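Computed from a predicted structure; not experimentally measured. Throughout, protein chains are lettered first and strands after them, A, B, ... in sequence-line order, and every chain is numbered starting at 1.
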Number of protein chains: 2
Amino acid sequence: MTTNPDSTRRVTMRDVARAVDMSPMTVSRALRGDETVNPKTRATIRDKAAELGYVYDTTAQAFRTQKSGFVAVTLPSINNANFAETFRGLTDALAGSGLQLLLGSTGYSVEKEEQLVGQLLTRNPEALILTGGHHTDETRKLLGAARIPVIEIWDLPDAPLGHVVGFSNADAMADTVAHLASKGHRKLAFLGASAVSDWRGAARRDGVIAAAAKLGLPPVTMIDAGQAPVSMRDGAQAVAAIGPSIADFDALVCVSDPVAFGALNACRRLGLDVPGDLAITGFGQFDVAMVSHPRITTVAVHANEIGARAADVLRDVFAGNNAPQVIDVGSEFQPGETS
Amino acid sequence: MTTNPDSTRRVTMRDVARAVDMSPMTVSRALRGDETVNPKTRATIRDKAAELGYVYDTTAQAFRTQKSGFVAVTLPSINNANFAETFRGLTDALAGSGLQLLLGSTGYSVEKEEQLVGQLLTRNPEALILTGGHHTDETRKLLGAARIPVIEIWDLPDAPLGHVVGFSNADAMADTVAHLASKGHRKLAFLGASAVSDWRGAARRDGVIAAAAKLGLPPVTMIDAGQAPVSMRDGAQAVAAIGPSIADFDALVCVSDPVAFGALNACRRLGLDVPGDLAITGFGQFDVAMVSHPRITTVAVHANEIGARAADVLRDVFAGNNAPQVIDVGSEFQPGETS
DNA sequence: CGGTAACATGTTATCGGTAACAACAATTGC
DNA sequence: GCAATTGTTGTTACCGATAACATGTTACCG
């Protein structure tokens, strides 16, 4: 057992260097796998480092090199299978690149996002990935000054901050509405969040309204499911609150699959037949929509791909290649058994 | 517009200090809200910092103070409502403490966990929160050497690494089995992951077996739903693969609510009545269990509370108070309409 | 009015790596 | 056999904030 001058102090490269009688610089090179270091020397250093219980200090590296190795990501909520899947896509695609994701959730609030971005920027992230295209002016200012790549995902913003990997939520609804109209459904209702907090939800709502108008359907009725994020429970409660007269509508277009699932099961409890008495559609191709009996008509989104493509953009940008400014990953209408 | 010596260089405290003709130390104090700084001075400094677009460098702070401000967290998967909820509980409880969560997911693999822990430790986290109580020897060694608080959550390990906030997965199943037995169900099957990867799932399985044995029920049949994480789809596929003979069992105990939901809907597709032909139970009180019609019999876990209590432990430990070594948050059997 | 306390600000050294450059040894080519 | 090249290791300075200590200034007291 080697004597330790101060048992509480951390083991540094200097300690390893002393132990192998080399300069810290060589240790640094060896531990990072620099080819110029003699293989034998490298092995000696690595062994000694392990023996001493040396732990590399990424903070010091980040400080010295002014590269944090972080990519900051904001999500509205991590408790959402689709956003979680995007995060996973990012993580997987970035694995091995030496980049670490720094996650923050905004709770669907642009003010919270602003605060979060401010916090995250103090960690010197090498890039910032924001879910959604709506931000406060202050957020835009912060990001403009930050001089790092910014990617907005899950939307196709009118005024992008930088790169974009997303799809049109409004367009995605057009197919759903067309499908419903083709089945003879005319009286549509839209079930979604009330507030303007959920901009993706609002875009879907507007898409439904526009598509219905274009097809000559009567005005779409809005049903309030509460504050974003709207859950299964919210969908069920909204339908339960209305009662059997929900079937006065021909079709209930829901902002997401969980909401649609809640609505579907509330309808069942009311003794209504879906789609006989009322058609129901969702959004996002969540597992619950595919497994549910009946299967819920939905729109498939490419949550994982959004993350993977965002990672591609980052790789390109970091490599100095120019990456596409806007990547539209699209979405696909998925007819189910509820419409 | 002030002249900038080098337009690409970042704005530092020194720059702010020069601009207000003060020392960097005073700027440092002012920006951190040190009371000893004259309020007027503080305001001047803050204004000038904002004007110059100064962004605080947490990396430099972390380096200088040797306190990263990070708490590392490992989750088996973030695409799981319960783990996501625990993360949220942690985030909320830690908000305002100046601590930032550093998240990594292990994919239900202890080897991946080992690698992840190694990575996370290089960031000098001030504490480490691990989901689960099973780790490789190397992981245990790393954590032993790290000399930071470690909290294991979601389990009650036999040999804890440090603090524990969890519950007994095995005990939780006892009530479920007792309930099923009281309803006259004797032939039980357990539907869960095959591999030993999901230790919590295995603990539940063992709990079912033990409880059944204790009540004098015949041996429990194991049904393989594939590799962890087992999803709704896996649950549905497993039942579909077996077909109507699944009703030869009296009750199907599922490792989680999503699996139970998949099984339930697969049964429906087979024309089986639940619970008439077959009782089904789940675990975790996921939304889908509560909203489903019929409501799925389940076990309520306190996912959010696990996060919140873990944060409490951290606060205590950092404050130098001694925190409880093991916090059992328990779980509650929740009868539903599927049993 | 002198001395001490309370307040406000400044000085110095440092956290642990690594870029840039320097230096020396071993090898190669002619 | 000597210059040029390649391979390997070392030296120096620095990234940006802040703990610890020092210093100057004003307020207050008997």
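Contact annotation: B:R32 reaches the phosphate of D:dT18 (side-chain N/O to OP1 or OP2, under 4.0 Å). Taking only side-chain nitrogens and oxygens, A:S23 never comes nearer than 4.0 Å to OP1 or OP2 of D:dT9. Close to D:dT18, at under 4.0 Å from its OP1 or OP2, lies a side-chain N or O of B:Q61. At D:dG10, one or more side-chain N or O atoms of A:T26 fall inside 4.0 Å of OP1 or OP2 (strictly under the cut-off). At the phosphate of C:dC7, neither OP1 nor OP2 sits under 4.0 Å from any side-chain N or O atom of B:T36.
If you measure from atom CD of A:Q66 to atom P of C:dG16, you get 17 Å, rounded to the nearest angstrom. In this structure, the CZ atom of B:F63 is 13 Å from the P atom of D:dA17, given to the nearest Å. Whole-Å rounding puts the B:R18 CZ to C:dG10 P distance at 14 Å. A straight line from CZ of A:R64 to P of C:dT18 spans 9 Å, rounded to a whole angstrom. Atom CG in A:L31 sits roughly 9 Å away from atom P in C:dG17 (whole-Å rounding). Going from atom CD1 of B:I45 over to atom P of C:dG10 covers 8 Å, rounded to whole Å. The interatomic distance linking B:D34 (CG) with D:dT18 (C1') rounds to 11 Å, in whole Å. When the P atom of D:dT8 is taken as reference, atom NZ of A:K40 falls 13 Å away, rounded to whole Å.
Ring centers of A:Y108 and A:W199: at least 6.0 Å apart, outside the cut-off. Ring centroids of B:F70 and A:F70 are separated by less than 6.0 Å, placing the two rings close together.
Considering only the side chain of A:T41, D:dT9 comes nearest among C:dG16, C:dA19, D:dT9. Of the candidate nucleotides C:dC21, D:dG16, C:dG16, C:dG16 has the atom nearest to the side chain of A:R10. Of the candidate nucleotides C:dT9, D:dA17, C:dA19, C:dT9 has the atom nearest to the side chain of B:V37. Here D:dG10 is the nucleotide among D:dG10, C:dG17, D:dG16 with the atom lying nearest to any side-chain atom of A:M22. Here the side chain of A:M25 is nearest to one of C:dC15, C:dT18, D:dT18, namely C:dT18. Of the candidates C:dA20, D:dT18, C:dG17, C:dG17 carries the atom nearest the A:Y54 side chain, counting heavy atoms from C-beta on.
B:E114 and B:H135 form no side-chain donor-acceptor contact under 3.5 Å, judged by distance and modelled atom types alone.
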The test is salt bridge (Lys or Arg N to Asp or Glu O under 4.0 Å); show your working for B:R140 and B:D137 and say whether it passes.
CA-CA 5 Å; B:R140 289 182 174 275; B:D137 288 344; 5.2 Å; no
side-chain contact (heavy atoms from CB on, under 4.5 Å) between A:I148 and A:L128, worked out
CA-CA 7 Å; A:I148 55 174; A:L128 190 48; 4.2 Å; yes
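If you check distances only, the side chain of A:R29 does reach the base of D:dG10 with a donor-acceptor pair under 3.5 Å.
Backbone-only engagement by A:M13 is indicated by non-hydrogen atom pairs under 4.0 Å involving sugar-phosphate atoms exclusively. Looking at heavy-atom distances under 4.0 Å, A:T59 makes no contact with the nucleic acid at all.
Each of B:E35 and A:V55 lies near DNA chain C, and the nucleotide nearest B:E35 is the one positioned closer to the 5' end.
Scanning DNA chain D for stems, defined as runs of 3 or more consecutive Watson-Crick or G-U wobble pairs whose donor-acceptor distances all fall under 3.5 Å, gives the following ranges: C:1-30 with D:1-30.
More than 12 heavy atoms of other residues, nucleotides or ligands sit less than 6.0 Å from atom CG of B:N321. Heavy atoms of other residues, nucleotides or ligands lying less than 6.0 angstrom from CZ of A:R88 number 12 at most.
When side chains are defined from C-beta on, B:H163 does not count as touching B:V150, because their heavy atoms never get closer than 4.5 Å.
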